[in-house]
Structures are given as structure tokens and as C-alpha cells.
Amino acid sequence: MSNIDSLIGALEKGDYADAVLDGCLRLSGDAQMRLFALAQKRRIQYFPDNRCQVRSVIEISNICRQKCRYCAIGGKDQTTNYTLNAKQIVMLVDYLYNKGRRVILLQSGENVSAKFIGEVVDAVRDIKSHHEDIRLILCLGDLAHEQYQALFDAGASDYILKFEASDEKLFAYCKPNDTLANRLRCIEDLCDIGFRVGSGNIVGLPTQTFGNIIDDLKLIHRLPLGMNSSTVFIPSENSAFGGEPMGNPDTTLNMMALMRIMNPQRLMPTTSSLEKAVADGQYLGLLAGANTVTIHDGTPDNLQQHFPIYSQKRVRPQTEHFKDILIRANMNVENII
């Protein structure tokens, strides 16, 4: 199916057949803008004030047990490991709170040690005891059910755990120290406990097919999520996939538009990887239906280089960047401080 009128008409009727999704993932130019327009229409239906959630991120540790092949965290050239303790985390959140931030993302590599999770639990409890209006989002990876429960009981409300790839073989190829079944078990645990959960995929992973991406879309649609996201693959210099080609940003943007159309009530970020992959990438993400931005103003300057994820030369967007693209996208900027 390739006719743009047929594709848009099918989406408007809720027809998410494989042929429809495949055709939409391949759109470009004016046809892509038609897809984006439908995504924006759906976003406004469910978020009529056209407001964008603003998050500040604090990268609290670069210790990670996973050694994912697409990620530079824990790579062979990582010479500096760091972990912030509870007091340091609280001090940084206080700093962001005084800047006007009310949604904070605490992100780390995957570390299941009781000491580390205990520090995060203590920090969350302290933060919520004197900043009740803060929403705390965690992105700490696969943990045990009782660890998730402790974090929730301390006051964290949201958790991001991307499945990255819904095909078992592709997942195993990219994440050799984990399994898709375990990842999905963790997502189920988080939902059962009461977290608002975010998940999603990476577009452009080596050996990934359009069929894989369609299966990702369908899994995202089935899961009881409050947030969903898609990241374009960036070959990180110090990762096992460092020599692979970059993912296609247009395919990623089309996937985002489809996620908005299929799941209009959810939050969806426009990620910094888009800005790395293509000029004005995060602005295009807003056009594709995103309504969340992450400002990189929480991690101490001297630690930022030690949390490379997709590149040593990461894009770390700041407030003025988001003011500009939100205005251009005709979105509400009142909560950008």
C-alpha cells in the first residue's frame, strides 16, 4: 500500500495492518508531512493545551552490567566510573527545583547492587519529603520486583525501560547479557506495582528489518504504557556497533508519528539522538507528535563526558534550544523556565 490518501485514510479509521504501517514507515517529503499533520491532530485531541512536558535529567551513575553492543557505557575505553550518593542526588534536585523544574529524570547504567538501589531509595524519599510537587522518573534498567517496589514506595512515580527490540534474535544480538522475556517481565512488574511506564525501541539497529519495526509498533501498542519513545540508532565510537551505519532519522520520525496516532494519550519525547542524526531533528520530532523534552542541566559538568551512551559527542540540549523549537512548532512554552 503506497497511496498517501489510502494510508492516511486507513490510519484515521484505526486500521493498523502491517501493509499500512509499512507504507507509512517509508514516507518522505510531502507525504511524510501529511503523516505528521495527522499525528499533530491526534496530539491536540488528547492534549488540547498543546503543552510539552519538560524534564531535567541527572545521570547518577555510569556503572552498568549489561554491556549492550550499541552503547558506550561500560565500554572498553571507559576509564572513569562514578556513582552519586543520596546526598549528592538530593542537592542536585534541590538546585533544579530552585530553577523551576518539577519533573526530574534520574538515569543510570544498570546496577542491581543493594547499596546503589538503597542510595536511590533514600534520595527519592528525601526529595519527596520536602518537594511533594516533584514528579520523579527513574531509568535504572532491569531490577528485582522488590527493588522496584521499594523505589515506588519511596515516592518515584514513573519508570522508563525500553525493550529496544521486540524480535528475540535481534534483542539477543544487541543485548547479549539480557533476554527479551526478562525485559518484558520487568515492564510487567513495573506496571503491576503502579508506575507510569515508558518503553520503546531503537530504529536502525544492525540487521533490523521493517518487519521488526512493525512488530515493535504493535508491541508498544499492546503494552499498558503511559509513555512511549523511539530512538534513532547512533553508532557510538566505543561500542561494539561503532562501525555500523547510522539509523534512518526519517524512519524514526515516521515511527514516532505512528506511535502518536496509535497511542494518542501517551507522553512521547523528541530525543537528543534525533538532533545528532539530522539538522533540526528535535523540532521534526515535535512535528511528528512528540510532547516531551529533556533538558540536560542536572548532571555535573565534570561527569557528563563519562555518560556517553550513543556518543562521546552527545547533544545536550538546553532551555533556549527548546524555547526556540517549541515556538516554531506552535506548542505551549509556559512551563519552560
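Source: prediction; values computed, not measured.
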Asp189 vs Phe195, side-chain contact (heavy atoms from CB on, under 4.5 Å): CA-CA, chis, key distance, verdict: CA-CA 9 Å; Asp189 284 351; Phe195 281 100; over 6 Å; no
Verdict with reasoning, Glu119 to Thr83, per side-chain contact (heavy atoms from CB on, under 4.5 Å): CA-CA 10 Å; Glu119 291 283 345; Thr83 299; over 6 Å; no
Leu105 side chain reached by Ile160 side chain, heavy atoms, under 4.5 Å: yes
Ionic contact status for Asp30 with Arg34, cut-off 4.0 Å: no
Salt-bridge present (Asp49, Arg51; N to O < 4.0 Å): yes
Main-chain N/O of Tyr82 paired to Asn62 side chain as donor or acceptor, under 3.5 Å: yes
Salt bridge present between Glu110 and Arg183 (N-O < 4.0 angstrom): yes
Over 12 non-hydrogen atoms of neighbours within 6.0 angstrom of CE in Met33: yes
Geometric cation-pi criterion Arg196 and Tyr159, 6.0 Å radius, 45° cone: no
Enclosure of Gln45 CD (heavy-atom neighbours >12, cutoff 6.0 Å): yes
Heavy-atom donor-acceptor pair, Ser199 side chain to Leu161 backbone, under 3.5 Å: yes
Any Glu164 side-chain heavy atom under 4.5 Å of Cys174 side chain: no
Donor-acceptor contact below 3.5 Å, side chain Gln208 vs main chain Ile202: yes
Residue Glu168 excluded, over 12 heavy atoms near CD under 6.0 Å: no
Minimum-distance pair of heavy atoms, taken over all atoms of Leu205 and Ala165: CD1-CB, 4.3 Å
Close side-chain approach of Ile134 and Tyr97, heavy atoms under 4.5 Å: yes
Exam field: side chain Gln318 to backbone His296, donor-acceptor pair closer than 3.5 Å: yes
Asn182 versus Asp142, side-chain donor and acceptor atoms under 3.5 Å: yes
Check against salt bridge (charged side-chain N to carboxylate O under 4.0 Å, His left out), Arg185 and Glu188: CA-CA 5 Å; Arg185 187 273 305 168; Glu188 182 179 1; over 6 Å; no
Tyr46, OH atom: more than 12 neighbouring heavy atoms under 6.0 Å: no
Flag side-chain contact, heavy atom, 4.5 Å: Asn212 against Thr209: yes
Atom pair CD (Glu244) and OG (Ser236), whose distance is rounded to the nearest 0.5 Å: 13.0 Å
Rounded distance [0.5 Å steps], CG in Leu326 versus CG in Asn291: 10.5 Å
Pairwise side-chain contact, Thr292 with Met227, heavy-atom cut-off 4.5 Å (strictly under): no
Matching residue for Ser230 among Asn201, Thr251, Asn254, Thr252 - test: side chain to side chain donor-acceptor pair (under 3.5 Å): Asn201
Verdict with supporting geometry, Asp297 and Arg101, salt bridge (charged side-chain N to carboxylate O under 4.0 Å, His left out): CA-CA 10 Å; Asp297 56 354; Arg101 305 289 182 231; 3.2 Å; yes
Any donor-acceptor N/O pair, Gln107 side chain to Cys139 backbone, under 3.5 Å: no
Derivation and outcome, side-chain hydrogen bond (donor to acceptor under 3.5 Å, both in side chains), residues Asp94 and His131: CA-CA 9 Å; Asp94 286 344; His131 297 313; 2.8 Å; yes
Cluster link Ile137 to Val124, ILVMFWY, side chain under 4.5 Å: no
Minimum side-chain heavy-atom gap Arg55-Ile104 below 4.5 Å: no
Flag for His306-Asn81: side-chain donor and acceptor within less than 3.5 Å: no
Side chains of Ser108 and Ser61, donor plus acceptor under 3.5 Å: no
Ile261 with Leu21, same ILVMFWY side-chain cluster at under 4.5 Å: yes
Side-chain heavy atoms of Glu59 within contact of Leu303, under 4.5 Å: no
Heavy-atom side-chain proximity of Ile60 to Thr299 below 4.5 angstrom: no
Residues Arg328, Asp280: salt bridge by 4.0 Å N-O rule: yes
Leu143 backbone acceptor or donor facing Gln147 side chain under 3.5 Å: no
Short side-chain to backbone donor-acceptor contact, Lys87 and Leu84, under 3.5 Å: no
Aromatic centroids of Phe241 and Tyr173 separated by under 6.0 Å: yes
Verdict with reasoning, Phe116 to Ile63, per side-chain contact (heavy atoms from CB on, under 4.5 Å): CA-CA 10 Å; Phe116 174 66; Ile63 306 296; over 6 Å; no
Main-chain N/O of Leu11 paired with Asp15 side-chain donor or acceptor, under 3.5 Å: no
Within one Ile-Leu-Val-Met-Phe-Trp-Tyr cluster: Leu38 and Leu286, side-chain cutoff 4.5 Å: yes
Whether Arg260 side chain and Arg266 backbone form a donor-acceptor pair below 3.5 Å: yes
Distance-only polar pair, side chains of His145 and Asp192, donor-acceptor under 3.5 Å: no
Exercise: do Lys218 and Ser166 side chains pair donor with acceptor under 3.5 Å: no
Intermediate values then yes/no, side-chain contact (heavy atoms from CB on, under 4.5 Å), Val203 and Thr231: CA-CA 6 Å; Val203 170; Thr231 304; over 6 Å; no
